Structure formats: structure tokens, C-alpha cells
Amino acid sequence: MKLKIHEIFYSLQGESSRVGLPTVFVRLTGCPMRCVYCDTAYAFSGGSNMEIDDILTKVAEFGTPYVTVTGGEPLAQKDCHVLLKALCDQGYSVSLETGGAIDIGPVDARVSVILDIKTPDSGELKNNLWTNLAHLKKTDEVKFVLCSRADYDWAKDFLMKERLTDKCPVLFSPVYSQVVPSDLADWVLADKLPVRMQLQLHKILWGEVPGK
């Protein structure tokens, strides 16, 4: 069984509650969405087909217990579920970064899902699969990538309406080089939102360099 893999690399996790942990990233090729701020458009195409056993062998070479499966949109390849199960069976602590347009219901329950909710200014609001909210568990996280103050206000209202923080931790991130991080920090503090504001650690360290 093969998956189209764009890259497998070792770096520090730059986001989520796992920030700073040495992690192997398995980036799958392809994505059905086109967010205006996408920083991995290079993964829309290309890559090479790899057997799942070969992926596991490559991951093992790095010697870390943390693995993130990302994209592109990893769930756009249906056999991604087989990879996720195999990684969990091998004892890895696995997280999945998904854009939120594809059903997370079938994802192995041992996987921590980092689910994007696309905002109006992302250009992909219409593609949010709202039924995914019902599948969230305490070990998952919801992430809003915010393009503007209007996006922040929309996310704040959505957060309250859906009582998201009762389901799992919630992350607010500014779009890199577009929203001033200190502005977002001030908004979160002024509104006393029960969210984790995060900056992308890998971009602070290395900038927008693929494979980091």
C-alpha cells in the first residue's frame, strides 16, 4: 500500500501543545483547498510514492517518539488512515494536522487531531466540514489562523457559540507577517479568551524554509 509523500523530515514542532518537541514530520502531497496564506503550496504536487513499511523505516531512523502527519491535506489520501494506525501500533505519539474539509471520524482514536477551522478571510470558509466538531475529543486541538481583526472577531463569536473550549484546547495563530502578533495578544487579553495564542516556532527560528 502506497502513499504519495512530499517529504519526511526532522525538526522541532512549531505549533500546538507539542511546540518545541523534536518531531518527525511526514508531509503528504496534495490538498483540495487553497487558503490565501498557505505556506506549504509546494506540497500541492510532486513527491513520490512510498510503501507504508518504507515510511515507517524512514521515521524510525530519526529516533524520536513524536510524529506529525501533515500536508497538504493528509486525509485527501484515503490510505492515510492506514499510516496513522501503523504509526500508533509502533508506539509513536502521533498528531495529525488537517484543514478541516474532510471527515475526521475514521481517524484512529489514539491520534491527536489538530483541526483547522477556516475563517472568512482564509477564502475557504465554505469548505469547513462542520460535522467534524462532533468528533473532537479532549486530546485534539482546534486551530484558527487569523488574517485580520475581522477574522479574530468571527473566531471569537464562533468559539463562544460552539463552546469549543469545552471540547478541547483552542489555538489562535496570526498569519505570519500579516497580523502583528502583539495586536493579537492584546485582543485575546482584552477579551479574556480561554485560548492559547501561538506563534510558529519554526518560522521564528528559520523563517519560511521548507523542511524545517
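Start at 1 with the first residue, then count along the sequence. Treat the numbers as computed from the prediction; the structure is a model and nothing was measured.
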## Note on the structure
In terms of heavy-atom contacts, Leu159 and Pro194 come closest through CD2-CD, 4.4 Å

### Task
On the 0 to 90° scale, with breaks at 30° and 60°, tag the Phe144-Phe158 ring pair as parallel, tilted or perpendicular.
perpendicular

### Task
State, to 0.1 Å, how close Gln13 and Ser95 come at their nearest heavy-atom pair, and which atoms those are.
NE2-OG, 4.5 Å

### Query
Quick one: do Leu75 and Leu3 end up in the same hydrophobic cluster if we chain Ile, Leu, Val, Met, Phe, Trp and Tyr together by side-chain heavy atoms under 4.5 Å apart?
yes

#### Entry: Side-chain heavy-atom pair Ile8, Phe62 within 4.5 angstrom cut-off
yes

### Query
Going from CG on Leu184 to CG on Leu146, what distance comes out if it is rounded to the nearest 0.5 angstrom?
6.0 Å

### Message
When you group the ILVMFWY residues by side-chain heavy-atom contacts below 4.5 Å and let the links chain together, are Ile52 and Val24 in the same group?
### Response
yes

### Query
Can you tell me if Asn49 uses its side chain to pair, donor with acceptor, with the backbone of Lys2 under 3.5 Å?
no

### Message
Using modelled atom types and a 3.5 Å cut-off, is there a donor and acceptor pairing between side-chain atoms of Thr23 and backbone atoms of Leu21?
### Response
yes

### Task
Return yes when atom NZ of Lys78 has more than 12 non-hydrogen atoms of other residues, nucleotides or ligands closer than 6.0 Å, and no otherwise.
no

### Query
How long is the span from the CG atom in Leu125 to the SG atom in Cys35, to the nearest 0.5 Å?
11.0 Å

### Nearest atoms (heavy-atom pairs only) where Asp140 meets Val113
OD1-N, 2.7 Å

### Summary
For Thr29 and Gln77, the nearest pair of non-hydrogen atoms, with its separation, is O-NE2, 3.0 Å

### Query
Would you call Cys80 and Val69 a side-chain contact if the rule is heavy atoms closer than 4.5 Å?
yes

### Query
Under the 3.5 angstrom rule, does the side chain of Asn132 hit a backbone N or O of Ile104 as a donor-acceptor pair?
yes

### Main-chain N/O of Met1 paired with Glu51 side-chain donor or acceptor, under 3.5 Å
yes

### Query
Is the closest side-chain heavy-atom distance between Ser16 and Lys143 below 4.5 Å?
no

### Message
So that I can tick it off, tell me whether Arg149 and Asp153 are bridged by a salt bridge, with the cut-off set at under 4.0 angstrom between side-chain N and carboxylate O.
### Response
yes

### Query
Val19, Met197: one ILVMFWY side-chain cluster at the under-4.5 Å cut-off?
no

### Task
Decide if atom NZ of Lys137 counts as having more than 12 heavy atoms of other residues, nucleotides or ligands within a radius under 6.0 Å.
yes

### Trace of the side chain to side chain contact (heavy atoms under 4.5 Å, CB included) decision for Glu7 with Tyr42
CA-CA 11 Å; Glu7 58 184 347; Tyr42 60 86; 3.1 Å; yes

### Query
When hydrophobic residues are tied together by side-chain contacts of less than 4.5 Å, even through go-betweens, does Leu28 share a cluster with Tyr10?
yes

### Query
Per the side-chain contact (heavy atoms from CB on, under 4.5 Å) rule, which among Thr98, Asn128, Leu96 passes with Leu115?
Thr98

### Query
Counting N and O atoms only, with roles assigned by atom type, does the side chain of His6 sit under 3.5 Å from a partner on the main chain of Ser45, one being a donor and the other an acceptor?
yes

### Message
Between Ser17 and Arg196, is the side chain to side chain contact (heavy atoms under 4.5 Å, CB included) condition met? List the steps.
### Response
CA-CA 9 Å; Ser17 63; Arg196 180 193 299 268; 4.3 Å; yes

### side chain to side chain donor-acceptor pair (under 3.5 Å): pairs with one or both residues in residues 79-93, sequence neighbours excluded
Arg18-Ser93, Lys85-Asp89, Asp89-Arg110

### Message
If you count every heavy atom of other residues, nucleotides or ligands that lies below 6.0 Å from Phe9 atom CZ, does the total exceed 12?
### Response
yes

### Query
Looking at Cys88 and Val111, what are the two nearest heavy atoms and their distance?
SG-CG2, 3.6 Å

### Message
Apply side chain to side chain contact (heavy atoms under 4.5 Å, CB included) to residues His135 and Val107 and explain how you reach the verdict.
### Response
CA-CA 9 Å; His135 297 299; Val107 173; over 6 Å; no

### Query
Asp103 side chain to Gly105 main-chain N or O, any donor-acceptor pair under 3.5 Å?
yes

### Message
Please tell me whether Phe172 and Leu136 are part of a single hydrophobic cluster in this structure, the criterion being side-chain heavy atoms less than 4.5 Å apart.
### Response
yes

### Task
Please round to the nearest 0.5 Å and tell me the distance separating atom NZ of Lys203 and atom CD of Glu15.
7.5 Å

### Task
Look up atom NZ in Lys156 and atom NZ in Lys161, then write down how far apart they are to the nearest 0.5 Å.
15.5 Å

### Task
Tell me, with the steps shown, if Leu87 and Leu56 meet side chain to side chain contact (heavy atoms under 4.5 Å, CB included).
CA-CA 7 Å; Leu87 288 166; Leu56 295 174; 3.6 Å; yes

### Task
Examine distances only and state if a side-chain atom of Lys138 and a backbone atom of Pro169 form a donor-acceptor pair shorter than 3.5 Å.
no

### Task
Quick one: pull up CZ in Arg27 and OG1 in Thr40 and give me the separation to the nearest 0.5 Å.
5.0 Å

### Task
State, to 0.1 Å, how close Leu199 and Pro174 come at their nearest heavy-atom pair, and which atoms those are.
CD2-CG, 3.6 Å

#### Entry: Transitive ILVMFWY cluster of Val36, excluding itself - 4.5 Å side-chain cut-off
Tyr37, Val145, Val175

#### Entry: Phe44 six-ring centre to Arg34 NZ/CZ under 6.0 Å and within 45° of normal
yes

### Task
Indicate yes or no: at least one non-hydrogen side-chain atom of Pro120 is less than 4.5 angstrom from one of Asp151.
yes

### Message
Testing the 3.5 Å rule here: is there a donor-acceptor pair between the side chains of Asp183 and Tyr152?
### Response
no

### Query
Is it true that the side chains of Thr70 and Glu97 contain a donor and an acceptor less than 3.5 Å apart?
yes

### Message
By the side chain to side chain donor-acceptor pair (under 3.5 Å) test, which pairs, at least two apart or in different chains, include something from residues 167-178?
### Response
Ser173-Gln198

### Query
About how many Å separate CD1 of Ile55 and CE of Met50, when rounded to the nearest 0.5 Å?
5.5 Å

